[in-house]
Amino acid sequence: MLKSIFIVAYLTVATVVSINSIQHIISGNEFYSYLGVLFTSAPIVLFVMRIMILKDKARTSNNLNIVLLLAVFGVGLTLFNGVLKGDDIELLYIATGMTALFLLYDHWYSKLDRSSSKLAVGEALPPFELRTTDGEAVTSERLSSGAKIFVFYRGNWCPLCVAQVKEMVAGYAGIKEAGATVAFISPQPQKYSRSLAKKFGVEGIEFYQDEGNAAARALGIFSAYGTPMGMQAMGYDSDTVMPTVIITDREGKVLWTHETDNYRVRPEPETYIEVLKEHGIAPV
């Protein structure tokens, strides 16, 4: 729950600090110190705004080192002007605090605990049940009648997830030629899954609802309070799923999994085809 509250609070504070810094920079009040503060708050706001609006990035690096370097530069700039030019020393505290919040985001909030996973390569996929966008119940056994790529994503509220869906749809011709079909699975309300299916649906790509995160619990990829605070007002549940990709063979045996320990890191689409080739499903 702390993470659910943290991400909303952090982005709100970063936005307020950025706007306040810009106002002081425009007025010329302690210009360089406020510029330093801006370097510690604005980059993460711009980063999140970009991926939220464009939804074209399915992954980032494991650590946002450029954002960190800008923050460190900002702290240094604020420190320099506070010590040598006598600017308000409280600005140094703000810059340092914003940098500390970013480090919490990068090294704590972004990380996922995978210790409860029940997935094992070479073993049968644990059984679970899903619902189609029409509300029909369907079992994992039925879905595993052919080589399948299961993509568990958090929901339409997650821009990286939507970009991942878009990316896989764009490259689906290659996946289909490799002999596999794709199932996108999310615990989000049906209306959101239907909207994605309508926008990105093609033959061989299916969208399912994991009602109550039952499948996520069965597979050990459940994320309690993984939805940012406030999304409940849009109908999303507080709990969600950890982004996960599972590839199974025609008998439902797990061939490969991608259980990222950082929600911003996702596999490249070409990886799936390589896995299918390695296991003799796709022609080499």
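Everything numeric here is computed off the predicted structure, so don't read it as measured data.
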* Asked: Should Ile7 and Val16 be counted in the same cluster of Ile, Leu, Val, Met, Phe, Trp and Tyr side chains packed under 4.5 Å apart?
  -> no
* Any donor-acceptor pair under 3.5 Å linking the side chain of Ser4 with the backbone of Thr227? -> yes
* To do: Step by step, work out the side chain to side chain contact (heavy atoms under 4.5 Å, CB included) result for Ile221 and Arg114.
  => CA-CA 7 Å; Ile221 57 175; Arg114 291 287 186 169; 3.6 Å; yes
* Verify, without hydrogens or angle tests, whether Asp88 (side chain) and Glu90 (backbone) share a donor-acceptor contact under 3.5 angstrom. => yes
* Linked, directly or transitively: Leu64 and Met98 (ILVMFWY side chains, under 4.5 Å) -> yes
* To do: State, with a plain yes or no, whether a side-chain heavy atom of Ile246 is found less than 4.5 Å away from one of Phe152.
  => yes
* Asked: Would a distance-only check, ignoring hydrogens and angles, find a side-chain to backbone donor-acceptor pair under 3.5 Å from Gln232 to Gly230?
  -> yes
* To the nearest 0.5 Å, what is the distance between OG1 (Thr15) and CE (Met49)? -> 8.0 Å
* **Cluster overlap Val241 with Trp157, hydrophobic side-chain contacts below 4.5 Å** => no
* To do: May I ask you to check whether over 12 heavy atoms, not counting those of Phe80, lie within 6.0 Å of atom CZ?
  => no
* Begin from the C-alpha positions of Leu77 and Ser33 and carry the test side chain to side chain contact (heavy atoms under 4.5 Å, CB included) through to its verdict. => CA-CA 6 Å; Leu77 189 60; Ser33 287; over 6 Å; no
* Pair Arg264 + Asp106, salt bridge at N-O below 4.0 Å -> yes
* To do: Evaluate whether atom CZ of Phe200 has more than 12 neighbouring non-hydrogen atoms of other residues, nucleotides or ligands under 6.0 angstrom away.
  => yes
* Asked: What is the distance from atom OG1 of Thr99 to atom CD1 of Ile44, rounded to the nearest 0.5 Å?
  -> 11.5 Å
* **Test log, rule side chain to side chain contact (heavy atoms under 4.5 Å, CB included), inputs Asp249 and His279** => CA-CA 9 Å; Asp249 63 12; His279 290 85; over 6 Å; no
* List the atom of Lys3, the atom of Lys111, and the distance in Å for their closest heavy-atom pair. => NZ-O, 2.8 Å
* Asked: Testing Phe207, Tyr208, Phe150 for ring pair (Phe, Tyr, Trp, His ring centres under 6.0 Å) with Phe184, which one passes?
  -> Phe207
* Pair Asp134, Thr132: side-chain N/O donor-acceptor within cut-off below 3.5 Å -> no
* Close side-chain approach of Leu2 and Trp108, heavy atoms under 4.5 Å -> yes
* Is there a side-chain contact between Leu112 and Pro243, using heavy atoms and a 4.5 Å cut-off? -> yes
* Just wondering, do Pro187 and Asp237 contact through their side chains at under 4.5 Å, heavy atoms? -> no
* To do: Using atom types as modelled and distance alone, determine if a side-chain donor or acceptor of Asn213 lies under 3.5 Å from a backbone N or O of Phe222.
  => no
* Hey, does the side chain of Thr78 reach the backbone of Leu92 with a donor-acceptor pair shorter than 3.5 angstrom? -> no
* Donor-acceptor contact present, side-chain Thr244 to main-chain Met242, <3.5 Å -> yes
* Quick check: are there more than 12 heavy atoms from other residues, nucleotides or ligands sitting under 6.0 Å from CZ of Phe128? -> yes
* Ignoring hydrogens and angles, state whether a donor on the side chain of Ser223 or Thr240 is under 3.5 Å from an acceptor on the partner side chain. => no
* Counting only heavy atoms not in Ile89, do more than 12 sit closer than 6.0 Å to its CD1 atom? -> yes
* Would you kindly confirm whether Tyr263 and Val8 end up in one hydrophobic cluster when ILVMFWY residues are joined by side chain heavy atoms under 4.5 Å apart? => yes
* Heavy-atom count around Leu54 CG within 6.0 Å, excluding the residue itself: above 12? -> yes
* pair Asn20-His24: side-chain heavy atoms closer than 4.5 Å -> yes
* Can you tell me if Thr40 uses its side chain to pair, donor with acceptor, with the backbone of Val37 under 3.5 Å? -> yes
* Asked: Taking atom CG of Leu68 and atom CZ of Phe73, what is their separation to the nearest 0.5 Å?
  -> 14.0 Å
* Asked: Within the distance-only criterion (no hydrogens, no angle test), does the side chain of Gln188 pair as donor or acceptor with the backbone N or O of Asn156 below 3.5 angstrom?
  -> yes
* Between Thr181 (side chain) and Lys148 (backbone), is there a donor-acceptor pair under 3.5 Å? -> no
* Salt-bridged, Lys166 to Asp56, with N to O below 4.0 Å? -> no
* To do: Say whether Phe102 and Leu104 are linked into one hydrophobic cluster, either directly or through other cluster members, by side-chain heavy-atom distances under 4.5 angstrom.
  => yes
* Where does the angle between the aromatic ring planes of Tyr236 and Tyr192 fall among parallel (under 30°), tilted (30 to 60°) and perpendicular (over 60°)? -> parallel
* To do: Before accepting this row, confirm whether a basic side-chain N of the pair Arg142/Glu136 lies closer than 4.0 Å to the acidic partner's carboxylate O.
  => yes
* Would you indicate whether the side-chain heavy atoms of Tyr272 and Val182 approach each other to under 4.5 Å? => no
* Shortest non-hydrogen contact between Gly220 and Ser116, atoms and distance -> O-OG, 3.1 Å
* Would Leu255 and Ile281 satisfy side chain to side chain contact (heavy atoms under 4.5 Å, CB included), going step by step from the backbone distance to the final call? -> CA-CA 11 Å; Leu255 299 178; Ile281 295 174; 3.5 Å; yes
* Check the surroundings of atom CZ in Phe31: do more than 12 heavy atoms from other residues, nucleotides or ligands lie under 6.0 Å from it? => yes
* Between the side chains of Tyr34 and Gln23, does any donor sit under 3.5 Å from an acceptor? -> no
* To do: For residues Phe6 and Tyr105, establish whether the separation of their ring centroids is below 6.0 Å.
  => no
* CD on Gln190 to OG1 on Thr133, rounded to 0.5 Å -> 6.5 Å
* Atom OG of Ser41 and atom CD1 of Ile94: how far apart are they, to the nearest 0.5 Å? -> 9.5 Å
* Tyr153 side chain near Val162 side chain, heavy-atom distance below 4.5 Å -> no
* Asked: Taking all atoms of both residues into account, what is the closest heavy-atom pair of Lys118 and Ala218, and its distance?
  -> CD-O, 3.2 Å
* **Spacing of Lys176 atom NZ and Ile273 atom CD1 [to the nearest 0.5 Å]** => 13.5 Å
* Where Ser186 and Arg154 come nearest, the two heavy atoms and their spacing -> OG-O, 3.3 Å
* Structure fact -> Residues Arg266 and Cys158: closest non-hydrogen pair is NH2-SG, 3.8 Å
* Taking every non-hydrogen atom, the tightest pair across Thr248 and Val254 -> CG2-CA, 4.2 Å
* To do: Check whether the side chains of Glu30 and Asn81 place a donor and an acceptor atom closer than 3.5 Å, and report yes or no.
  => no
* Asked: If we only count heavy atoms from C-beta on, is the Ile149 to Met168 side-chain gap below 4.5 Å?
  -> yes
